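A short worksheet on the structure shown next.
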Amino acid sequence: MIITNTETVPGKRLTEHYGLVQGSTIRAKHLGRDLMAGMKNLVGGELKGYTELLQESRDEALRRMVKQAEELGANAVVNVRFSTSSVAAGAAEILCYGTAVRLEEGAESSTPPPLPKHEEY
Amino acid sequence: MLQLYFGLALLLLGLTVGTLLERLHYRSIRKREHAFITLPTTSLKHAPDTEQVVRTELAIGSVVISVDYFKRFAASMKKMFGGEIRSYSSLLDRARRESMLRMKEACADCDLIINVRVETSTISNGGDSSIGSVEVMTYATALWYGNRSQHSHPVDLEE
């Protein structure tokens with residue numbers, strides 16, 4: 001599974017579109033971590049607990065997106081975008097979305113393949 | 001009275017330890033940025049088609065950094081008069097550069113990074129100004145060329 005945030009993949013030809021796929025997750029750290037972050041806040045610097053939290057949720061969101069793409073029969077997800085927001089203090093929501101496509105060996109084409117027709121959904 | 005002393009102690013702690021930590025962080029950032037000085041990184045969507053690309057991967061780096069107690073105090077003072085809040089610009093600068101570095105470290109041996117996107121948000125905006133932290137995520141597409149003769153990253157440039 002190739003994942004990129006560009007619209008095309010160099011050296012590969014886009015042969016089919018499967019539409020939008022997405023994955024999202026909301027995660028929180030336990031109270032102890034929040035307390036540690038509060039302490040760390042006095043002197044500033046990296047909040048490792050929250051960095052970890054962010055990484056875990058990002059990986060989970062990506063995993064869910066890839067799973068969706070696999071179910072559609074795609075072998076790549078292009079034009080991936082991340083979006084973060086906070087729904088509650090100490091929790092991170094990450095959404096990642098992209099377009100599931102089928103790639104084949106061949107020259108990168110400038111004209112995109114036809115998008116799926118409306119009736120096919 | 002005791003509360004005042006306590007507040008002053010916290011400010012002093014923030015000022016000394018916070019400044020020290022920031023200086024150390026900047027030193028580390030500069031050193032690591034130097035190692036990646038020859039890795040071309042752009043926000044362009046397409047790679048130049050002069051080289052044959054054999055591998056494509058999503059590279060991600062992220063970091064959460066908080067501001068120290070003294071700087072938060074200084075910022076709240078500054079807010080009364082308006083103008084640039086310098087203590088927060090250094091926070092954002094550090095966070096962006098750190099996440100960019102982590103993104104590059106995640107694909108350290110690639111030949112080109114394209115389509116760099118930077119995303120910023122706050123994990124905890126719990127109503128009051130209890131935590132002034134910023135969360136930055138940088139992501140991009142890393143490319144590997146088929147012909148690897150002229151490149152080798154990262155370059156270790158010890159002074």
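If you're wondering where the values come from, they're calculated on a predicted model, not measured in any experiment.
The two residues A:T51 and B:R102 come nearest to each other via the heavy atoms CG2-NH1, 3.5 Å.
For B:I114, the parts sitting under 4.5 Å from any heavy atom of chain A are the backbone and the side chain alike. At a 4.5 Å heavy-atom cutoff, B:Q52 makes no contact with chain A through either its backbone or its side chain. B:V63 touches chain A through backbone and side chain together, each having a heavy atom under 4.5 Å away.
Of the inter-residue distances, the one linking A:L103 atom CG with B:T56 atom OG1 reads 8.5 Å to the nearest 0.5 angstrom. A distance of 8.5 Å separates CE in B:M137 from SG in A:C96, rounded to the nearest 0.5 Å. Rounding to the nearest 0.5 Å gives a distance of 6.0 Å between CD1 of A:I94 and CD of B:E135. We find the NZ-CG distance between B:K45 and A:N79 to be 6.5 Å, quoted to the nearest 0.5 Å. Here the straight-line distance linking atom CG of A:L54 with atom CD1 of B:I60 works out to 10.0 Å at 0.5 Å rounding.
Hydrophobic clustering (ILVMFWY, side-chain heavy atoms < 4.5 Å, transitive): B:L2 and B:L10 are in distinct clusters. In the hydrophobic cluster analysis, where Ile, Leu, Val, Met, Phe, Trp and Tyr join through side-chain heavy atoms closer than 4.5 angstrom, B:L44 is grouped apart from B:L143. Connection of A:M65 to A:L72 is established within a shared hydrophobic cluster, with ILVMFWY side chains joined at heavy-atom distances below 4.5 Å, either directly or through further cluster members. One hydrophobic cluster holds both B:M77 and B:F81 under the rule that ILVMFWY side chains link at heavy-atom gaps under 4.5 Å.
With hydrogens and angles disregarded, a donor-acceptor distance shorter than 3.5 Å links the side chain of B:Y139 to the backbone of A:F82. Remark: the backbone N or O of B:L58 is not paired with any side-chain donor or acceptor of A:N5 at under 3.5 angstrom.
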Q: May I have the step-by-step check of side chain to side chain contact (heavy atoms under 4.5 Å, CB included) for B:E57 and A:I3, ending in yes or no?
A: CA-CA 6 Å; B:E57 226 169 74; A:I3 303 165; over 6 Å; no
(Q) Assess the residue pair B:E119 and A:T84 against the criterion (side chain to side chain contact (heavy atoms under 4.5 Å, CB included)); give the C-alpha distance rounded to whole Å, side-chain angles, the decisive distance to 0.1 Å, and a yes or no. (A) CA-CA 8 Å; B:E119 184 89 33; A:T84 53; 4.0 Å; yes
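Heavy-atom proximity under 4.5 angstrom to chain A picks out B:L13, B:G14, B:V17, B:G18 from residues 11-20 of chain B. Residues of residues 90-101 of chain B lying under 4.5 angstrom from chain A, judged on non-hydrogen atoms, are B:R94 by number.
Interface summary for chain B: among A:R58, A:Q55, A:R81, the most heavy-atom pairs under 4.5 angstrom belong to A:R58.
Annotation: side chain of A:L47 is not in contact with side chain of B:I65 (no heavy-atom distance under 4.5 Å). At least one side-chain heavy atom of B:H46 sits less than 4.5 Å from a side-chain heavy atom of A:T8.
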